[in-house]
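Below you'll find the structure, written out as structure tokens, and then a few comments.
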Amino acid sequence: MTDREHYAPGPASGAQVRKDGEKWTLILVRELRHSPEKVWQALTDPAQLREWAPFDADRSLGTVGSTVKLTTVGAPTPHVSETTVTRADAPKALQYNWGGFDIRWELEVFGGGTRLTLWTNIDRRFISMGAAGWHICFDVLERLLAGEPIGRIVGTEAMKFGGWQRLNAEYAKQFGVETPGWPSRPRT
């Protein structure tokens, strides 16, 4: 068996939701055993993003004002969106928009590693699915940084993955929302 076959996500944790009317923001926090500089590279370098993130970038996200094409990976239909990096304060803060949703990363020294925080606005109907997906992305990121890559697990592939359904249900319960199914089923 490969390391990927042994991978199972842990319990839902490190997530919260902020609600402002119809705008919902998903906040995920993960403590990583690696330096902010190393984590920063994984957040901005296209080669590293291809190993863990739910999108491909055609150039570095590490410079304010850069225009970058982000291509969604693993979606039923590939979606390409162009973004401009609005904040790139290495190795502390990164901000851009992906597919109409604001993405903000903050990195802070924590113990011997980094506390990584992601803020993203997301459609309320998909907030637990987003949390489950990012949870798995963060697990894959941690393994990549440790030199034990297992390859990214995103989109429909993640949804077929053993622990994703459990995570989706656990996050839905934590957030007080109905567990969504994919694809959406009509109500009868």
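Counting from 1, the numbers follow the sequence of the chain as shown.
- Annotation for E22: atom CD does not count as buried by contact number, only 12 or fewer foreign heavy atoms lying within 6.0 Å.
- In this model, no donor atom of one side chain and acceptor atom of the other lie less than 3.5 Å apart for Y171 and W134.
- Salt bridge absent: K69 and D56 never bring a charged side-chain N and a carboxylate O closer than 4.0 Å.
- When side chains are defined from C-beta on, W164 does not count as touching H135, because their heavy atoms never get closer than 4.5 Å.
- Taking CD of Q16 as the start and OG1 of T117 as the end, the distance is 9.0 Å to the nearest 0.5 Å.
- A donor-acceptor pair under 3.5 Å is formed between the side chain of Q174 and the backbone N or O of A12.
- Looking only at side-chain heavy atoms (C-beta outward), V109 and P36 come within less than 4.5 Å of each other.
- Residue R125 holds its CZ atom at 10.5 Å from CE of M129, rounded to the nearest 0.5 Å.
- Linking Ile, Leu, Val, Met, Phe, Trp and Tyr residues whenever their side-chain heavy atoms come within less than 4.5 Å places L70 and F126 in a single cluster.
- In this structure, the side chain of D20 does not engage the main chain of K23 through any donor-acceptor pair within 3.5 Å.
- Of the possible polar contacts, none joining the R104 side chain to the L118 backbone as a donor-acceptor pair under 3.5 Å is found.
- Ring orientation note: the planes of W52 and F138 are tilted relative to one another, at an angle of 30° to 60°.
- The closest side-chain donor-acceptor pair between S128 and N168 falls under 3.5 angstrom.
- Each of D102, T120, T86 was checked for a side chain to side chain donor-acceptor pair (under 3.5 Å) with N97, and the lone residue meeting it is D102.
- For the pair D139/Y7, a side-chain contact is recorded, criterion being any heavy-atom separation below 4.5 Å from C-beta on.
- Both F161 and L144 are part of a single hydrophobic cluster, where members link through side-chain heavy atoms under 4.5 Å apart.
- Residues L107 and L43 form a side-chain contact, since some pair of their non-hydrogen atoms from C-beta on lies under 4.5 Å apart.
- In terms of modelled atom types and a separation under 3.5 Å, the side chain of T114 and the main chain of L116 share no donor-acceptor contact.
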